[in-house]
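The block underneath contains the structure these notes are about, expressed in structure tokens.
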Amino acid sequence: MKIETKITEAVQVIVEELYGQPVPEKMVQLQETRPEFEGQITLVVFPFTKMSHKAPEATAQEIGERLKEQLPEVISGFNAVKGFLNLCISSACWISILQEIYANPTYGFKPVTDDSPLVMIEYSSPNTNKPLHLGHVRNNLLGWALAKVMEANGNKVVKTNIVNDRGIHICKSMLAWLKWGNGETPESSGKKGDHLIGDYYVAFDKHYREEVRQLVAQGMDEEQAKQEAPLIKEAHEMLVKWEQNDPEVRALWRKMNEWVYAGFNETYKALGVSFDKIYYESETYLEGKEKVEEGLAKGLFYRRDDGSVWADLTGEGLDEKLLLRSDGTSVYMTQDIGTAKLRFQDYPIDKMIYVVGNEQNYHFQVLSILLDKLGFKWGKDLVHFSYGMVELPNGKMKSREGTVVDADDLIATMIADARQMSADKVNKLEDITEDEAQEIARIVGMGALKYFILKVDARKNMLFNPEESIDFNGNTGPFIQYTYARIRSIMRKWEATRPTPNPSLAGRGTDTNQAGLSVAEHSTPLPTREGQGEGLVLVPKEISLIQHLQGFEAAVRQAGQDYNPSCIANYCYELVKEYNQFYHDFSVLKEEDEKKRLFRIALSAVVGQVVKNGMGLLGIEVPERM
RNA sequence: GGUCUGGUAGCUCAGUCGGAUUAGAGCAACAGCCUUCUAAGCUGUGGGUCAUGGGUUCGAGUCCCAUCCGGAUCACCA
């Protein structure tokens, strides 16, 4: 049982005995003792002063004395400062806590069973007319991390992607390619497919704006010019042909989309993200119409004189929302309804999470109401994981204005920077092959990028300055990875000098549980409470490290409850910072007292394990050396 | 204008259920520490009216109200 739980229960009993009133669990507030005071766990006694009718200090004194009598873990040295009762917990207790964590390779994770709820997470969801940029990177990293976090909280997770592969914007790229492409292909030009298509999208826009400019110069007003420009009319014609299944248009569309997918897949691979099921809007957009007709028949929606179909949400405090155009074609909302229908046919969804930017808050508010009305049981409680925009110093990224940070460029830059960083190091790694160096640079560069994005609260807008490169020092991914590499270095040295490996523990290092989480990579014999740990007195830094380790479970739970991966990032940073201080002040392998040495080896091993698993939840790898 | 959302150090960000006379990290600046398990590290200095004004209470960066300033959204675009 956790020491906090023991204390909480004891306090409930003691306070009731002392003051004759039942104490709800919530009233017992425990926190980590501030470093400037002696002790490790602090009880806030203010809530009890109303019952005791005594000063906070006296109340704390009374409770403290009883606690000491009743719990062997609470040793002398407790002191009451104002309304705060600081408790000293015995070293033996802390060691046994470490022992428990050590013995549990999936520490912090809830198991996924057949009865676990099924959570579907939609993320990424790109348009196929331009390459991925930094905004998509944030989406992908958040989606992946959220999936890992939900899994760690005992949910079955299905990761899904809805590809927006049809519509006027794709037609623009197609048209531009037909007009000015001269048959260019990814093979002929050596361009990545998504970038090639993106270039034609930009080309379309350039020519289109020129046409509009000329029409305006001839005296047409701008709104009309935007609709009358020959290029846009041609694009619309192409869209109509697409909808009519014109073989030529469809063939071109298929070919160009394939180029884009090949490009996207490269970027996804570099980002380390993947999907269990991919939906294409071209296959789902018609499904929504049926559902809308169904709702119309049930009287949930209504049809206007011009034939368009609307949902009246004024009763919910919202506006009226268009569901089908007057020509019968579907809009964005209709497509999401259709996708929802297909998904529910494919999976027994208990909870649906959409990872989509906060600019679409209104859309998902409406979607939730509509799905609920249409009878989707998860509609009402669907989660819009609404993340903030990535802003540049000059404001938002805009594809058309070319003010975007390209994902592929950024990834390449990060890896090159990481490579340079290790080349510049004073303590360079010797005996390392070119391939290994490149692999380390990839892990570290991606770690820097991913951590940079995931450490900030997903809900908030964040700033990226392309002029300043992403840091590798301080509160960064590489800082955490570096600590892991240091720990692994200690482990390698120790294992090399160890007389005989413990056979009963051999082979644990390669195990993987069903959630795909890596298992402890250590086989260190740990001093136990009744055995070797006897009489060991820990220094404050060792105790606070164990306390931090104990906090991992809470961090995982909170990240899951709040849908907030940044909890995990911040947790890892705090843990690793603490470990680096310990590492600096105390030697592990050169400690002469064998009990202490073994304890510190085990402590280091557990820190390494938790760091690896924690970073794993963020999709960040950790290197053996760097 | 309606709705939603944010405002914490020069910059980027933490701050959990409201808790400790002194609100934390990192970057940038300055000063130290490699003969030592990896210096991508550690230690120190300077830097704050937690947007503003009220309220709630033993106690407010945190909760409530008002105001100021930003952002998003309110399309027969997606």
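Quick note: numbers below take in every heavy atom, side chains included, and nothing from hydrogens, waters or symmetry partners. Values in this document were obtained by computation on a predicted structure and should not be read as measured data.
Residue contacts for A/K577: at a heavy-atom cut-off of 4.0 Å it reaches the sugar-phosphate backbone alone, with no base atom in range. Among the protein residues, A/R459 comes within range of no part of the nucleic acid, since none of its heavy atoms lies under 4.0 Å from any strand. Using a 4.0 Å heavy-atom distance criterion, A/Q29 is classed as a base contact. Using a 4.0 Å heavy-atom cutoff across all strands shown, A/V456 reaches sugar-phosphate atoms only and no base atom. Contacts of A/S422 with the nucleic acid, taken as non-hydrogen atoms under 4.0 Å apart, include base atoms. As judged by a 4.0 angstrom heavy-atom cut-off over every strand, A/L463 is placed among residues touching the sugar-phosphate backbone only. Among the protein residues, A/M626 comes within range of the nucleic acid bases, having at least one heavy atom under 4.0 Å from a base atom. At the heavy-atom level, A/F479 lies under 4.0 Å from the strands shown only through sugar-phosphate atoms. Counting any heavy atom pair closer than 4.0 Å across all strands shown, A/Q558 reaches a base atom. Using a 4.0 Å heavy-atom cutoff across all strands shown, A/F46 reaches at least one base atom of the nucleic acid. Counting non-hydrogen atoms under 4.0 angstrom, A/Y285 reaches nothing in the nucleic acid. Contacts of A/K425 with the nucleic acid, taken as non-hydrogen atoms under 4.0 Å apart, include base atoms. A/Q365 comes within contact range of no nucleotide atom at all, as no heavy-atom separation falls under 4.0 Å. Residue A/V331 is classed as a sugar-phosphate contact, given heavy-atom separations below 4.0 Å to backbone atoms only.
Going from atom CG of A/D457 over to atom C1' of B/rG7 covers 14 Å, rounded to whole Å. Taking atom CG of A/N358 as the reference point, atom C1' of B/rA72 lies 6 Å away to the nearest angstrom. Computed from coordinates, the A/Q481 CD to B/rA40 P distance equals 14 Å when rounded to whole Å. Taking atom CG of residue A/D471 and atom P of nucleotide B/rC13, one finds them 13 Å apart after rounding to whole Å. Nucleotide B/rG71 holds its P atom 20 Å from the CD atom of A/Q360, rounded to whole Å. A/K493 has its NZ atom 11 Å from the P atom of B/rU36, to the nearest Å. In this structure, A/L318 atom CG and B/rG2 atom P are separated by 16 Å, rounded to whole Å. Taking atom CE of A/M421 as the reference point, atom C1' of B/rA39 lies 11 Å away to the nearest angstrom.
Contact check, A/N473 against B/rC27: no side-chain N or O comes under 4.0 Å of OP1 or OP2. Side-chain N/O atoms of A/R325 include one lying less than 4.0 angstrom from OP1 or OP2 on B/rA78. For A/R486 and B/rA39, the shortest distance from a side-chain N or O to OP1 or OP2 is below 4.0 Å. OP1 or OP2 of B/rU12 has not a single side-chain nitrogen or oxygen of A/K460 nearer than 4.0 Å. Between A/Y482 and B/rA40, a side-chain N or O to OP1/OP2 separation shorter than 4.0 Å is present.
In this structure, A/R486 is positioned above the aromatic face of A/Y583, its NZ or CZ under 6.0 Å from the six-membered ring centre and within 45° of the axis. Under the 6.0 Å distance and 45° angle rule, A/R303 does not count as a cation-pi partner of A/W310.
With both pairing distances under 3.5 Å, B/rC33 is matched to B/rG41 as a Watson-Crick or G-U wobble pair. Both distances falling under 3.5 Å, in either a Watson-Crick or a G-U wobble arrangement, place B/rA72 opposite B/rU3. With a cut-off of 3.5 Å on both pairing distances, B/rC17 has no Watson-Crick or G-U wobble partner at all. Both distances falling under 3.5 Å, in either a Watson-Crick or a G-U wobble arrangement, place B/rC27 opposite B/rG10.
For the C1' atoms, the distance linking B/rU38 with B/rC33 amounts to 16 Å, nearest Å. Rounded to whole Å, the C1' atom of B/rU5 lies 30 Å from the corresponding atom of B/rG47. Using atom P as the reference point in both B/rC42 and B/rG6, the two lie 32 Å apart (nearest Å). The gap from the C1' atom of B/rU8 to that of B/rG70 amounts to 16 Å, rounded to the nearest Å. When the P atom is compared between B/rA28 and B/rA75, the two are found 46 Å apart, to the nearest whole Å. Nucleotides B/rG26 and B/rG41 have their C1' atoms positioned 14 Å apart, rounded to a whole Å. Taking atom C1' on both B/rG48 and B/rA23, the two are 8 Å apart, rounded to the nearest angstrom. When the P atom is compared between B/rG46 and B/rC64, the two are found 36 Å apart, to the nearest whole Å.
Checking B/rA78, B/rA40, B/rC37 against every side-chain atom of A/F472, the shortest atom distance belongs to B/rA40.
At a cut-off of 3.5 angstrom, counting only N and O atoms as typed in the model, there is a donor on one side and an acceptor on the other between the side-chain of A/T42 and the base of B/rA20. No donor-acceptor contact under 3.5 Å links the side chain of A/S489 to the base of B/rC37. Between the side chain of A/K590 and the base of B/rU36 there is no donor-acceptor pair of N/O atoms closer than 3.5 Å.
Salt bridge status for A/K450 with A/E621: absent, with no side-chain N to carboxylate O gap under 4.0 Å. Ion pair A/E439/A/R442 flagged as a salt bridge, since at least one NZ, NE, NH1 or NH2 atom sits closer than 4.0 Å to an Asp/Glu carboxylate oxygen.
Under the side-chain contact (heavy atoms from CB on, under 4.5 Å) rule, A/F479 has a single partner from A/V576, A/D471, A/N473, which is A/V576.
Taking the six-membered ring for Trp and the full ring otherwise, A/Y332 and A/H363 have centroids separated by under 6.0 Å. Taking the six-membered ring for Trp, A/Y354 and A/F364 have ring centres closer than 6.0 Å. When ring centroids are compared, A/F582 and A/Y579 come within the 6.0 Å threshold.
No aromatic stack links A/Y583 and the base of B/rG41, using centre distance under 5.5 Å and interplanar angle under 30°. An aromatic stacking contact between A/F84 and the base of B/rG19 is absent, as defined here by ring centres under 5.5 Å apart and ring planes under 30° from parallel.
Between the CE atom of A/M462 and the CG atom of A/D457 there is a distance of 11.0 Å, given to the nearest 0.5 Å.
Two residues, A/L30 and A/F586, neighbour RNA chain B, and the one matched to the more 5' nucleotide by heavy-atom proximity is A/L30.
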